[in-house]
Amino acid sequence: GPHGIVDWMIATPFWAEGGGTGSGGVASFCSTLQNALEVRDMGYFWNWWMDTTPQTPGGEAYLTPNYTAASPAGFTAAAAQMKLRGVHAFPYLEGRIMDLKLPDWKAEHAEDYACGVSPGQIQMEFYGKLFGVMDPATPYWQEKMARAISKVTDLAPGVDGLYIDQVTGACALACRGAKSGHKAGGGTSWVDGGRKMFARGKAAIGADRAVISESNSEVYMSAVDGYLTLQGWNNCGAVPAWQAVYGGYSLNIGASYQSVMTLPAPYFFSPDFPALLATQFVWGSVMGGDSLNEWEASLYFSNSSNEATRS
């Protein structure tokens with residue numbers, strides 16, 4: 001594929017997004033969706049594969065790297081079934097933040113490798129609770145992410161890649177951490193570190209697997225295999241300028257449908273829904289990228305969706 005993108009990703013015509021462990025019937029749902037939309041192969045952004053959320057016990061084990069986490073029930077078997085059925089499963093990992101409640105935070109002195117904003121103070125962000133923003137230039141975070149990525153593929157050899165959230169979508173910060181290993185403020189250290197992090201992660205999982213990250217960013221294009229380009233649609237009013245410039249160099253997947261439609265949810269009931277899928281295709285984005293619950297409802301209207309996929 002272009003710029004070393006894994007070839008099977010170029011040939012995958014459709015992606016969906018959803019959650020659930022293997023025991024929750026994810027593999028069976030994907031098979032139903034393939035049949036309804038008449039696609040042989042599809043990609044699947046697999047959220048909440050640990051069967052936790054930030055607000056439930058153990059949520060930090062899913063949201064932030066914890067490579068000692070045990071495989072949830074059915075995860076390994078479901079990933080294997082999905083691969084046999086032509087579903088390219090991409091479990092979710094968080095690549096930017098670390099939960100302060102993780103035992104590793106204290107045991108590994110992770111605060112030393114977070115993004116320092118002033119002496120004794122680190123950058124924090126709130127997603128249901130407080131997280132520390134990690135400095136991607138530190139070997140600590142690069143290695144921790146590489147181990148987390150490798151652990152997921154060890155737990156489920158059937159997965160074809162990982163979705164690493166936030167890294168290419170969130171802004172760079174001027175880090176002044178005590179053990180950052182770079183000059184205060186960092187210069188290009190944030191981007192250079194992120195690129196190294198992706199390189200180490202891809203090396204850990206092998207050349208036939210892929211890494212996708214959030215939104216779209218010029219500086220990371222050669223470091224990842226594709227983008228889940230939701231925010232680009234939100235912020236640009238669905239003008240396909242990015243795709244026009246970088247379409248032969250960057251693989252763009254999905255769209256944030258509600259941001260470009262005036263239809264009230266659930267918008268998949270509208271005859272305009274297949275037209276939006278077709279618009280994605282024409283404008284240089286791989287079709288799909290919506291959530292599992294929305295696609296479950298849309299199966300009742302698969303005939304109209306088929307018209308979009310056939311086009």
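All values below come from the heavy atoms of this structure, side chains included, with hydrogens, waters and symmetry mates left out. Predicted model, so just to flag it, every value in this text is computed and none were measured. Count residues from 1 along the sequence.
Side-chain N or O atoms of T229 include one that pairs as donor or acceptor with a backbone N or O of I253 at under 3.5 Å. Judged by distance alone, with hydrogens and angles left aside, the side-chain atoms of R85 form a donor-acceptor pair with the main-chain N or O of A27 at under 3.5 Å. Without hydrogens or angle criteria, E125 side chain to F131 main chain gives no donor-acceptor distance under 3.5 Å. Y113 contributes no side-chain N or O that, together with a main-chain N or O of W141, makes up a donor-acceptor pair within less than 3.5 Å. In this structure, the side chain of Q280 engages the main chain of V286 through a donor-acceptor pair within 3.5 Å. Put simply, the side chain of Q243 never gets that close to the backbone of G284: no donor and acceptor are under 3.5 Å apart.
Side-chain contact of H182 with D135: a donor-acceptor pair under 3.5 Å is present, judged by distance alone. For the residue pair T168 / S213, a side-chain donor-acceptor distance below 3.5 Å is found, with atom types taken as modelled. Checking S118 against Q121 by side-chain atom types alone, a donor-acceptor pair falls below 3.5 Å. Donor-acceptor pairing under 3.5 Å is lacking for the side chains of Q142 and Y140. With 3.5 Å as the limit, one finds no donor-acceptor pair spanning the side chains of E94 and Y127.
Across all their heavy atoms, F90 and V211 have their closest contact at CE2-N, 4.5 Å. Nearest heavy-atom pair, A204 versus A146, reported as atom, atom and distance to 0.1 Å: CB-O, 4.1 Å. Shown here for W190 and M134, the closest heavy-atom pair between the two residues is CH2-O, 3.8 Å. Of all heavy-atom pairs between T76 and A156, the closest is CA-CB, 4.2 Å. Looking at every heavy atom in both residues, A223 comes nearest to F198 through O-CB, 3.6 Å. What you find for W242 and S250 is that their closest heavy atoms are NE1-OG, 3.9 Å.
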>> For a side chain to side chain contact (heavy atoms under 4.5 Å, CB included) check, start with the C-alpha distance between D160 and W8, then their side-chain angles and the critical distance, and finish with the verdict.
In response: CA-CA 10 Å; D160 282 327; W8 58 257; 3.6 Å; yes
> Could you walk me through whether V26 and M82 pass the side chain to side chain contact (heavy atoms under 4.5 Å, CB included) check?
Replying inline: CA-CA 8 Å; V26 172; M82 293 164 82; 3.8 Å; yes
> Yes or no on side chain to side chain contact (heavy atoms under 4.5 Å, CB included) for M124 and I122, after CA distance, side-chain angles and deciding distance?
Replying inline: CA-CA 6 Å; M124 306 283 280; I122 65 170; 3.6 Å; yes
>> With side chain to side chain contact (heavy atoms under 4.5 Å, CB included) as the criterion, how do S222 and R195 come out once you've worked through the C-alpha distance, each side chain's angles and the decisive distance to 0.1 Å?
In response: CA-CA 8 Å; S222 63; R195 291 167 61 87; 3.0 Å; yes
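With salt bridges taken as basic N to acidic carboxylate O contacts below 4.0 Å, none links D165 and R96. Under 4.0 Å is where a charged nitrogen must lie from a carboxylate oxygen, and between K144 and E108 at least one such pair does.
In this structure, K202 and D225 have side chains that are in contact, with non-hydrogen atoms separated by less than 4.5 Å. Taking 4.5 Å as the limit, every side-chain heavy atom of W15 sits out of range of all side-chain heavy atoms of M42. Side-chain contact between R200 and M145 is absent, with no heavy atoms from C-beta onward closer than 4.5 Å. Here the side chains of N216 and M221 are not in contact, with every heavy-atom distance at 4.5 Å or above.
Taking the ring centroids of W49 and F75, they lie under the 6.0 Å cut-off.
Residues V191 and V133 share a hydrophobic cluster, clusters being chains of Ile/Leu/Val/Met/Phe/Trp/Tyr side chains in contact below 4.5 Å. The cluster map of Ile, Leu, Val, Met, Phe, Trp and Tyr, joined by side-chain heavy atoms under 4.5 Å apart, puts L84 and F14 in different clusters. The hydrophobic cluster containing V117 does not contain W105, counting ILVMFWY residues as joined when their side-chain heavy atoms lie under 4.5 angstrom apart, directly or transitively.
One finds the OG atom of S215 at 10.0 Å from the CG atom of N252 (value rounded to the nearest 0.5 Å). The CD atom of Q123 sits 11.0 Å away from atom CZ of R176, with the distance rounded to the nearest 0.5 Å. Rounding to the nearest 0.5 angstrom, the gap separating the CG atom in L100 from the NZ atom in K106 is 10.5 Å. The CD1 atom of I205 lies 6.0 Å from the OG1 atom of T153; values are rounded to the nearest 0.5 Å. Atom CD1 in I149 sits 4.0 Å away from atom CD1 in I164 (nearest 0.5 Å). Here OH of Y92 is found 11.0 Å from CG of L228. Values are rounded to the nearest 0.5 Å.
For the disulfide (SG to SG under 2.5 Å) test, residues two or more places apart in sequence or in another chain that qualify with C175 are C115.
The aromatic rings of F45 and Y163 sit perpendicular, their planes meeting at an angle over 60°, well past the 30° parallel limit.
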